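Shown next, in structure tokens, is the structure this report addresses.
Nothing here was measured: the structure is a model prediction, and the numbers come from that model. Positions are given from 1, in the same order as the sequence printed here.
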Amino acid sequence: MVKELVGQPHPQSFFSEFPSESEWDVVVIGAGPNGLITANYLAKAGLKVVLVERRYEIGGGLATEEILFPGYYTNIHAVYHMMVDFMPVLRDFDLERHGTVWIKPNHQTAMVFPDGQSILLTRMIEDTVDSWHRISKPDAVNFGRVMRKWRKIAREIVAPATYIPPLAPLDIIEAMGRTELGEEMLELSERSPLDIISEHFTDDRIRALLLYVTCMWGLDPEETGVGFFVPLLLDRAMNKCYCQGGSHKLASGLAREFVKNGGTILDSSQVNNIVVEDGAVTAVELWEGRTLHAKTVASSLDPQTTFSDLVGAENLPGELKEAVDRWEWDKWSYTTLHVASEEAPRHVSRETGVDESFMTIVGFEGTDQVIEHWRNVAAGRLDLDAMGGHTTCQTIFDPHLSRYPGRQVSFFQSHAPYDIEGGWERRGPEVAEAMLAKWRQVAPNMAGDNIVMTAQETPEDIEIRLPNMRRGSIKHGDYNPLQLGCFRPSQDCSSSATPIDGLYVCGASTYPGGLVIGGPGYLAAGRIADDMGVERWWKPTVEMERYTATYLTDDA
């Protein structure tokens, strides 16, 4: 019997019907976005799949919760969905019938300054150019030229490659050498984000805007070897989508599809052990004493949880153990101040579109301040005078998040260290007040009687809610040259398979990475299907086929 257990406690009758020993083709650990994606593809392929989630509901970072107070909902992790145009899962499953609807605002990002000036980054390149003309006409003209080239790099190379198994560095060089566009992507890759942006743009405020949106998810702006992210993340920063009803609607749609195709979801059920015998996975043991015997296990958890905690260091090959031991967590985490208010933020800027922007950057005047803030955070400090961040009023796009007509739900999010000097218990309140003060500099109405209530989340809170986001690492691990591409999480595991027979990885710590792009789950499903001799019912997207034909086939 297949039962859907999503977001509710286990009924006693379920435990009496569910055997203590059961047989499965595949056990997927973790019902975050990538676990859901892997499970969906394999269940529809006809395999007997069970999805195990320790929390009381599925979704992981796809979470929309009544975290503030009764009647106000907020997206506590995933808000900006950047790869909706490319994610294969959104084309392979009919999620619209489950209420998954995407909103893509034209006014994507605003950067607002205390003197009343502002600049916009919009979905339409022409609207961005118009906004920048007031600040710097040369940069406005150059943006139109540069962005059209970078958009081709993002959409023809980097984005489709996200859903194709990673290449070794030498193979990337050979593949990209086939076209002029590929060679330009390679040239960018060797440079730092700050160097690339500084070369093409002169106005410091415009540089600060571009640097923030390309590095906000954890790139070191001064680190070489990650420059290929600049065209991708800038293009995606101009194409962010909001999931109507909250990010959990995506998780709910995937869960419904999974159950429809014969899958079983066990929530509130923690995995205690991945059983390995003679170098091969044989079963998964749950906290309540049940054993799920399986031919294949796919873990969407971070490397230390998967390998050190669940498999056990004694069962790891030496090189894999070394890779797990030296795994580096994200350079910074986040602290978020959720705010319920009588009215939406009204910014000092008079430019049309700022108040309706999907994201608004506040607290910075130029690149030096942005870099100083990130340097402080990476060093474990949070200078309350130098900090800044980004805000979003969610109810502009999704009024249903508030049950009180006219009232608004917003948040201010800033990069923050996990180990803050003085500790979060002591420093948390003063950080929250500093965030409100920064916000008021550009949105004076975010004060007084307009604010109904506030609730703060710290990096420690992130880890408590989602333990595999260790140290508040939302990507399950840093983005640096040694933890990207075929090195994520290690060369032995970047193709989803691991040195342990029958064990696969499919989470954000696996190529291509986190941020709800769906690549790890999609790639793991394909590799597992191939290894188990199951025919793939899905086909590559048009963009993936075009990329493969241009860069990977012998006759390209």
Side-chain angles (χ1 to χ4, degrees), residues 2-8 24-45 47-64 75-78 81 83-84 87-100 102 163 243 245-269 271 284 296-302 306 465-466 468-469 474 476 496 504-510 512-529 537-538:
V2 176
K3 291 193 176 241
E4 182 178 4
L5 297 177
V6 181
Q8 58 184 339
W24 305 88
D25 293 321
V26 182
V27 175
V28 179
I29 303 174
N34 285 299
L36 282 163
I37 290 170
T38 300
N40 261 287
Y41 279 100
L42 297 177
K44 192 171 180 179
L47 294 172
K48 185 181 180 184
V49 185
V50 60
L51 182 59
V52 185
E53 169 59 44
R54 69 175 293 277
R55 295 191 74 219
Y56 54 88
E57 64 176 328
I58 50 85
L62 297 173
T64 307
N75 296 289
I76 58 173
H77 285 290
H81 297 264
M83 292 293 279
V84 169
M87 290 175 66
V89 69
L90 300 181
R91 307 183 189 188
D92 292 335
F93 293 89
D94 183 12
L95 299 180
E96 288 188 7
R97 65 176 173 174
H98 303 301
T100 305
W102 300 101
Y163 305 100
C243 188
S247 295
H248 193 71
K249 293 288 286 186
L250 174 57
S252 175
L254 289 168
R256 292 173 186 274
E257 282 290 296
F258 177 58
V259 172
K260 179 180 72 70
N261 287 304
T264 299
I265 299 174
L266 302 180
D267 65 1
S268 299
S269 192
V271 173
V284 167
T296 296
V297 173
S299 173
S300 65
L301 310 182
D302 67 272
T306 297
R465 177 177 286 105
L466 298 168
N468 60 318
M469 290 187 181
I474 66 166
H476 296 189
S496 304
Y504 297 78
V505 286
C506 63
S509 56
T510 309
L515 305 181
V516 195
I517 59 179
Y522 178 81
L523 291 170
R527 179 60 187 268
I528 292 169
W537 57 266
W538 61 97

Practice problem: Taking all non-hydrogen atoms of both residues into account, name the closest pair between Ser268 and Tyr56 and its distance. | Solution: OG-CA, 3.3 Å
Quiz item: Counting distance only, does the side-chain N/O of Glu53 pair as donor-acceptor with the main-chain N or O of Ala31 below 3.5 Å?
Solution: yes
Quiz item: Are Leu466 and Arg55 close enough that some pair of their side-chain heavy atoms sits under 4.5 Å apart?
Solution: yes
Quiz item: What are the two closest heavy atoms between Ile517 and Pro512, and how far apart are they?
Solution: CD1-CG, 3.6 Å
Quiz item: For the residue pair Ala508 and Asn34, what are the closest heavy atoms and their distance?
Solution: N-ND2, 4.0 Å
Practice problem: Taking the side chain as every heavy atom from C-beta outward, state whether Ser300 and Ile29 have any pair of such atoms under 4.5 Å apart. | Solution: no
Practice problem: Please examine the side chains of Ile528 and Leu42, heavy atoms only from C-beta on, and report whether any two atoms are closer than 4.5 Å. | Solution: yes
Quiz prompt | Contacts of type side chain to side chain donor-acceptor pair (under 3.5 Å), residue Thr38, not counting sequence neighbours | solution = none
Practice problem: Please report the shortest heavy-atom distance between Gly518 and Tyr163, naming the atom on each side. | Solution: C-CE2, 4.0 Å
Quiz prompt | Flag side-chain contact, heavy atom, 4.5 Å: Cys243 against His81 | solution = yes
Self-check item: By side chain to side chain contact (heavy atoms under 4.5 Å, CB included) - contacts of Ser509 (at least two apart)
Solution: Pro303, Trp327, His476
Practice problem: Run through Leu254, Leu36, Leu266 and flag the one making a side chain to side chain contact (heavy atoms under 4.5 Å, CB included) with Leu51. | Solution: Leu36
Quiz prompt | Sub-4.5 Å side-chain heavy-atom contact between Trp102 and Leu90 | solution = yes
Quiz item: Between the main-chain N or O of Ser247 and the side-chain N or O of Thr64, is there a donor-acceptor pair closer than 3.5 Å?
Solution: yes
Quiz item: Just by modelled atom types, is the Ala63 backbone N or O under 3.5 Å from a matching donor or acceptor in the His248 side chain?
Solution: no
Self-check item: Full working for side-chain contact (heavy atoms from CB on, under 4.5 Å) between Phe93 and Asn40
Solution: CA-CA 9 Å; Phe93 293 89; Asn40 261 287; 3.7 Å; yes
Quiz item: Which atom names give the shortest non-hydrogen contact between Gly507 and Pro520, and what distance separates them?
Solution: O-CB, 3.2 Å
Quiz item: Does a side-chain heavy-atom distance below 4.5 Å link Val28 with Val297?
Solution: no
Practice problem: Tell me, please, which residues at least two apart from His98 pass side chain to side chain donor-acceptor pair (under 3.5 Å). | Solution: Glu257
Practice problem: Measure the shortest side-chain to side-chain distance between His77 and Arg465 over non-hydrogen atoms and say whether it is less than 4.5 angstrom. | Solution: yes
Quiz prompt | Non-neighbouring partners of Asp92 that pass side chain to side chain donor-acceptor pair (under 3.5 Å), sequence neighbours left out | solution = Tyr41
Practice problem: Taking side chain to side chain donor-acceptor pair (under 3.5 Å) as the test, write out the residues that go with Ser496, two or more places apart. | Solution: none
Quiz prompt | Qualifying residues under ring-ring contact (aromatic ring centres under 6.0 Å, His included), relative to Tyr504, sequence neighbours excluded | solution = none
Quiz prompt | Within 45° cone and under 6.0 Å: Lys44 NZ/CZ vs Phe258 ring | solution = no
Exercise. Would you name the heavy atoms of Pro33 and Gly61 that are closest together and state the gap between them?
Key: CD-N, 4.4 Å
Quiz item: Backbone N or O of Glu96 within a donor-acceptor pair of the Thr100 side chain at under 3.5 Å?
Solution: no
Quiz item: Does Asp25 reach the side chain of Val49, with side-chain heavy atoms less than 4.5 Å apart?
Solution: no
Quiz item: Donor-acceptor pair, Asn261 side chain versus Ala43 backbone, under 3.5 Å?
Solution: no
